[in-house]
Amino acid sequence: MLQTVAMPGSVPEAQRFLSNLEGAIILAGGTVVMPVLNYGTDAFTSLVSLRKAGLSGISVETGKTTIGAATTLTELEDEKALAFLHPALDTIASPTIRNMATAGGNLFVKQPYGDLTVCLIALGAAATIAGAKGERIEPVEQTVSSGVKAGEIVTQVSFAMPAKDAFKFTKATRKAFNSAAIVTVAAVVVLEGGVVSSARIALGGVAKTPVRATSVEKALTGKLFDRAHVEAAAKEALKDIDPADDAYASAWYRARVTPVHVRRALLGE
Amino acid sequence: MKHSVVSLTINGAERQMLVAPGSTLIDVLRESQGLTGTRRGCEQGACGTCTVLVDGKTAMSCMLPVETIEGAHVETIEGLTPPQGLHPIQEAFLQGFATQCGFCTSGMIMVAAALLAKNPNPSREDVVRAISGNICRCTGYEAIIDAILDAAVRIRSAAHAEAA
């Protein structure tokens, strides 16, 4: 049963609440925490809301885009400079959930959700984390695989804008809208004279957390960016995934279709 | 457990209420404000039947602790309904037989109101996208989509008539 809902006005204040209140959990958009609370089986006794902690907002500068952790997915959709993320955001839940769910919260949702995080990993995004001893900045993929310590708060994510047409995305789903991933593929592929000079590829829905497809990246780099090479590289994805069964798809099916969707994402098929 | 006083503007009227920690917007609307047009469904964010507008945007009222939205403007189905008669979206639902059991209707109408405020001339796909977070367990989706498209026509022609 909840005893307190704290509304800190800053990150340091939020950190104080987190360390002083017993059984405290961070509340961002509430789309994950509130269902748990409503179910009534949790042990949380305090919520520390980030809604008024000054963590909303998007700054797009040359070379660097920064997204505050409490920025909603709808706010991201409405940002014209981030139009390349629109097809990905449009696949995440429903417009109403996107009005509530936040960029920071997306890093911590269970698979097969968290498609924005898959994009952030492909973009090579960094997370800024406020802790007891100050701030640290680390790759989003590290935050996603190892989590954060009690009392720490992700305050923002930042990344370099991808070159025009370098960002690729596809998500295989059961329904046209509002469906979790069978497999999500996001990638940033840079070409020089038709040859892949660098590739960062991330996959969602096919492991315990979103993962880098490093085997595909390795197989693709230095190769001609044509169907034959992409198809061969996409098959390497099986080395990077550890899919599970859930209501959306079986592990067998996910493994079967992952290389196909990697190829389709990369080639824009 | 410490109660707190929260101020909200609900359907245009300023309200202050004493709430227990973590009371959700739907708790307040239904229990203390008597606004039972907003339905309590799954409480998991999956069904959309509790949808209201918070500062003009759709939100699921079962997932919003009211302490976190102090000062917000909330609009419910009661606020959408004019003092006399029905809102054009309600008219379209009624005449298009878009209510079956009616449990999802207020959520569907609030989502439709938000869509039409932003996009007065939506495509069928826009409507499907807008209601994608709202479940009609009677599965009457086609009639609901048709009604929202019909409501768009009604609202546009009313605006046109007013201008002329």
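Naming: A, B, ... by sequence-line order, numbering from 1 per chain. Note that these values count all heavy atoms, side chains included, but never hydrogens, waters or copies made by symmetry. Predicted, not measured: the structure shown is a model, and the values here were computed from it.
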Measure [X] against the heavy atoms of chain A and call it side chain, backbone, both or neither at under 4.5 Å.
| X | answer |
| --- | --- |
| B:Val54 | neither |
| B:Cys62 | both |
| B:Ala130 | backbone |
| B:Thr24 | side chain |

Compare every heavy atom of [Y] with every heavy atom of [X], then report the nearest pair and how far apart it is.
| X | Y | answer |
| --- | --- | --- |
| B:Thr68 | A:Arg51 | O-CD, 2.7 Å |
| B:Ser132 | A:Ala93 | OG-O, 4.4 Å |
| A:Pro35 | B:Gln44 | O-NE2, 3.0 Å |

How long is the straight-line distance from [atom2] of [Y] back to [atom1] of [X], given to the nearest 0.5 Å?
| X | Y | atom1 | atom2 | answer |
| --- | --- | --- | --- | --- |
| B:Lys2 | A:Thr4 | NZ | OG1 | 8.5 Å |
| A:Asp78 | B:Lys118 | CG | NZ | 4.5 Å |
| B:Glu70 | A:Lys52 | CD | NZ | 6.0 Å |

Go through the atoms of A:Leu27 and report whether side chain, backbone, both or neither lie under 4.5 Å from a heavy atom of chain B. side chain
For A:Ser46, is it the side chain, the backbone, both, or neither that has a heavy atom closer than 4.5 Å to a heavy atom of chain B? neither
Pairs of heavy atoms under 4.5 Å with chain A: top-ranked of B:Ile69, B:Thr51, B:Ile131: B:Ile69
Using a cut-off of under 4.5 Å on heavy-atom pairs, state which of B:Pro65, B:Gly48, B:Ala46, B:Gly22 scores highest against chain A. B:Pro65
Does A:Phe84, at its CZ atom, have more than 12 non-hydrogen atoms belonging to other residues, nucleotides or ligands within less than 6.0 Å? yes
Could you go step by step and tell me if A:Met7 and B:Ser4 meet the side-chain contact (heavy atoms from CB on, under 4.5 Å) rule? CA-CA 12 Å; A:Met7 290 299 297; B:Ser4 55; over 6 Å; no
Looking at A:Val36, A:Thr31, A:Asn38, which one has more heavy-atom pairs under 4.5 Å with chain B than the rest? A:Asn38
Per-residue tally against chain B (heavy atom, under 4.5 Å) across A:Ile97, A:Asn99, A:Leu47, A:Thr45 peaks at A:Asn99
For a side-chain contact (heavy atoms from CB on, under 4.5 Å) check, start with the C-alpha distance between B:Leu64 and A:Met100, then their side-chain angles and the critical distance, and finish with the verdict. CA-CA 9 Å; B:Leu64 276 179; A:Met100 306 176 79; 3.7 Å; yes
